[in-house]
Amino acid sequence: MKEEKQMFTKIYYHVYSIRGHKYVIGATKKGLSFVGSRDQDFEEVRRFYPETELMDAEQIVNKYANQIREYLLGKRQEFSLKLDISGTKFQESVWDQLKKIPYGQTSSYTEIAQSIGNPKAVRAVGSAVGKNPVLIVIPCHRVITKNQQLGNYRGGLAMKRELLTLEGAIN
């Protein structure tokens, strides 16, 4: 499977403090392109978009950050944000399935693989989930193992557990 990388010339970002953690949020002029793991710096953006110029531009990013802040404060369950991301066809099919997992619910990697018509691609689904550039907004934290374990998460297991607890998906 050919790996495609989104090439932007410029991503506007800003570092926000929300509930005692910092989040790097990035966007192009077309839409949200990056939500970082909590307490990481903008080098995480560079790993996703190594050839892109990064410019701190709070005014451009605020409209995206406001909805993410509302979610993290328990005041929002759905996002109405324009996204500007791309991946391989396989990755995009996985990300589309992730968007269908309702707030407060979970799905397994196996269920995602079955839903995209590729039931043997469980590991590839896990890889695509890990390449999701917009944590929280495309809710990859809602994907767990078929044995009801948390599995992996780019933001770390503590962040995943906190998000699932916020949504009431776990205690």
Side-chain angles (χ1 to χ4, degrees), residues 1 3 5-6 13 15-26 32-49 64-65 67-81 83 85-171:
M1 190 181 313
E3 186 77 18
K5 232 359 169 188
Q6 175 84 13
Y13 78 93
V15 180
Y16 293 87
S17 179
I18 306 169
R19 294 187 64 204
H21 296 285
K22 70 179 183 176
Y23 294 87
V24 177
I25 300 173
L32 182 69
S33 57
F34 186 79
V35 177
S37 306
R38 72 180 187 191
D39 299 324
Q40 296 297 309
D41 60 26
F42 70 89
E43 288 303 317
E44 188 181 21
V45 182
R46 288 218 185 279
R47 288 192 294 275
F48 272 81
Y49 304 111
Y64 305 105
Q67 287 195 26
I68 294 164
R69 179 181 288 109
E70 289 170 355
Y71 166 85
L72 290 168
L73 295 174
K75 297 177 180 178
R76 173 179 290 275
Q77 295 184 5
E78 294 180 10
F79 296 96
S80 58
L81 299 171
L83 301 179
I85 60 171
S86 70
T88 65
K89 284 187 178 195
F90 182 82
Q91 288 169 341
E92 289 179 3
S93 70
V94 170
W95 299 341
D96 286 342
Q97 289 302 309
L98 298 180
K99 291 183 221 174
K100 295 177 183 177
I101 305 170
Y103 182 94
Q105 296 183 30
T106 59
S107 185
S108 71
Y109 298 96
T110 302
E111 290 168 331
I112 299 291
Q114 291 168 345
S115 71
I116 62 170
N118 202 339
K120 295 186 182 203
V122 177
R123 285 182 183 256
V125 165
S127 178
V129 168
K131 292 196 176 10
N132 168 19
V134 287
L135 294 182
I136 300 169
V137 177
I138 295 180
C140 53
H141 60 278
R142 296 179 187 154
V143 182
I144 60 174
T145 70
K146 66 182 175 186
N147 298 327
Q148 304 297 303
Q149 301 299 307
L150 291 183
N152 292 324
Y153 188 61
R154 174 168 59 96
L157 290 182
M159 181 179 176
K160 184 172 188 171
R161 185 175 291 109
E162 183 177 300
L163 296 174
L164 290 172
T165 302
L166 171 73
E167 294 185 10
I170 63 172
N171 294 324

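Given the structure is predicted, the values throughout are model-derived calculations rather than measurements.
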Shortest non-hydrogen separation from [X] to [Y] and the atoms involved:
X: Pro133; Y: Ser33; answer: CB-O, 3.6 Å
X: Leu157; Y: Gly151; answer: CD2-O, 2.7 Å
X: Tyr153; Y: Leu163; answer: OH-CD1, 3.5 Å
X: Ile85; Y: Trp95; answer: CD1-CE3, 3.8 Å
X: Ser107; Y: Ile101; answer: CB-CD1, 3.7 Å
X: Ala113; Y: Ala121; answer: CB-C, 4.1 Å

Compute the centroid of each ring, for Phe34 and then for Tyr13, and state whether the two points are separated by less than 6.0 Å. no
Do side-chain atoms of [X] reach the backbone of [Y] as a donor and acceptor pair under 3.5 angstrom?
X: Arg38; Y: Gly156; value: no
X: Ser127; Y: Ala124; value: no
X: Gln91; Y: Lys131; value: no
X: Tyr109; Y: Val129; value: no
X: Glu92; Y: Gly87; value: yes
X: Asn147; Y: Gln149; value: no

Working note: Tyr71 + Val137, criterion side chain to side chain contact (heavy atoms under 4.5 Å, CB included); need CA distance, chi angles, decisive distance, verdict. CA-CA 9 Å; Tyr71 166 85; Val137 177; over 6 Å; no
Side-chain polar contacts of residues 17-25 - donor-acceptor pairs under 3.5 angstrom, sequence neighbours left out - could you list them?
unit_1 : atom_1 : unit_2 : atom_2 : d
Arg19  : NH1    : Leu72  : O      : 3.1
His21  : ND1    : Asp39  : OD2    : 2.7

Rounded to the nearest 0.5 Å, how far does [atom2] of [Y] lie from [atom1] of [X]?
X: Ser108; Y: Ile144; atom1: OG; atom2: CD1; result: 7.0 Å
X: Thr110; Y: Lys120; atom1: OG1; atom2: NZ; result: 13.0 Å
X: Leu83; Y: Leu32; atom1: CG; atom2: CG; result: 5.5 Å
X: Tyr103; Y: Arg76; atom1: OH; atom2: CZ; result: 11.5 Å
X: Ile170; Y: Leu150; atom1: CD1; atom2: CG; result: 5.5 Å
X: Ile138; Y: Gln97; atom1: CD1; atom2: CD; result: 12.0 Å

Evaluate whether atom CD of Glu78 has more than 12 neighbouring non-hydrogen atoms of other residues, nucleotides or ligands under 6.0 angstrom away. no
Quick check on Lys146: does its NZ atom have over 12 non-hydrogen neighbours (other residues, nucleotides or ligands) under 6.0 Å away?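 No.
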Test side-chain contact (heavy atoms from CB on, under 4.5 Å) applied to His141 and Lys160, Met159, Arg161, the passing residue: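 When Lys160, Met159, Arg161 are each tested with His141, the side-chain contact (heavy atoms from CB on, under 4.5 Å) holds only for Lys160.
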Close side-chain approach of Asp41 and Val15, heavy atoms under 4.5 Å: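 A side-chain contact is absent here, since even the closest heavy-atom pair is not under 4.5 Å.
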Within a strict 4.5 Å, meaning less than it, do heavy atoms of the Val35 and Tyr64 side chains meet? no
Begin from the C-alpha positions of Val134 and Leu81 and carry the test side chain to side chain contact (heavy atoms under 4.5 Å, CB included) through to its verdict. CA-CA 11 Å; Val134 287; Leu81 299 171; over 6 Å; no
Please lay out, stage by stage, how Phe90 and Asn118 fare under the test side chain to side chain contact (heavy atoms under 4.5 Å, CB included). CA-CA 10 Å; Phe90 182 82; Asn118 202 339; 4.1 Å; yes
